[in-house]
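The structure appears right after this line, and notes come after that.
Just the heavy atoms: all of them, side chains too, but no hydrogens, waters or symmetry mates, feed the values below.
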Amino acid sequence: MRIGPECVFLIPVVRDSDRRPHPPILWRLLQDTLIRTFGAVTGPEAVVYQKIGTVPGAWSPAEGNPPVEDLSRKYAVAIQADRVDELRALLRRAGNSFDQRSVYLSVAGIAELIEIRPEDGFLEV
């Protein structure tokens, strides 16, 4: 059964503003939101998984400033192509909840940075 593109995204393990770790409940809220939103897309394997290990990376907060090194949790969700915008909206809310300026998303190997805006809201229970 063909579902659609695999979407992979990274959430840094610390907040952008104060570099403090996120509370465990926030990670659970993200997982529950992903399952609630995309859980109807099923196949022979779970379509949402979380790699508990971390992925190293770096980003530059502004031109001329040294890069900031981050560790991130990597998530993947297989969704229908017409639901990718729904995932982007969810990631904007997650970005606010996790205090991020942007979230890295790769859709079928094509990378983008999802810019986070306060008006996008937060993840909800």
Inset, instruction - Give, for atom CD1 of I116 and atom CG of D99, the distance between the pair rounded to the nearest 0.5 Å. - result: 10.5 Å
Legend entry - Minimal non-hydrogen separation, D16 against R101, with atom names: OD2-N, 2.7 Å
Inset, instruction - Check S72 against P12 and note the closest heavy-atom contact, atom names and distance. - result: OG-CA, 3.4 Å
Inset, instruction - Indicate, with yes or no, if L71 and V103 share a hydrophobic cluster defined by side-chain heavy-atom contacts under 4.5 Å among Ile, Leu, Val, Met, Phe, Trp and Tyr. - result: yes
Inset, instruction - Check step by step if side chain to side chain contact (heavy atoms under 4.5 Å, CB included) holds for L90 and F38. - result: CA-CA 11 Å; L90 186 154; F38 300 111; 4.1 Å; yes
Legend entry - Side chain Q100, main chain V14, donor-acceptor under 3.5 Å: yes
Inset, instruction - Count the heavy atoms of every other residue, nucleotide or ligand shown that sit under 6.0 Å from CZ of R28, and state whether that count exceeds 12. - result: no
Legend entry - Euclidean distance, L10 CG relative to Y75 OH, rounded to 0.5 Å: 10.5 Å
Inset, instruction - Measure across T37 and E86 and return the closest heavy-atom pair with its distance rounded to 0.1 Å. - result: CG2-OE2, 3.4 Å
Legend entry - For P5 against V84, the heavy-atom pair lying closest together: CG-CG2, 4.2 Å
Inset, instruction - For the pair I110 and E112, evaluate side chain to side chain contact (heavy atoms under 4.5 Å, CB included) and give the outcome as yes or no after the intermediate values. - result: CA-CA 7 Å; I110 299 173; E112 59 186 276; 5.9 Å; no
Inset, instruction - I would like to know whether V107 and L87 meet side chain to side chain contact (heavy atoms under 4.5 Å, CB included); could you show each step before the answer? - result: CA-CA 10 Å; V107 179; L87 176 60; 5.8 Å; no
Legend entry - Minimal non-hydrogen separation, A94 against L30, with atom names: CB-CD1, 4.2 Å
Inset, instruction - Look at the side chain of S97 and the backbone N and O of L123, then say whether any donor-acceptor pair between them is shorter than 3.5 Å. - result: yes
Inset, instruction - Could you tell me which non-hydrogen atom of T33 sits nearest to which non-hydrogen atom of E124, and how far apart they are? - result: OG1-O, 4.1 Å
Inset, instruction - Please work out whether the ring planes of W27 and H22 are parallel, tilted or perpendicular, with thresholds of 30° and 60°. - result: perpendicular
Inset, instruction - Spell out, yes or no, whether F98 and F122 are grouped together once hydrophobic residues are joined by side-chain heavy atoms under 4.5 Å, including indirect joins. - result: no
Inset, instruction - Kindly say whether R117 contributes a backbone atom to a donor-acceptor pair with the side chain of N96 at under 3.5 angstrom? - result: yes
Inset, instruction - Identify whether I25 and V125 are in the same connected component of the hydrophobic contact network (ILVMFWY, side-chain heavy atoms under 4.5 Å). - result: no
Legend entry - From CZ (R93) to CG (L29), nearest 0.5 Å: 10.0 Å
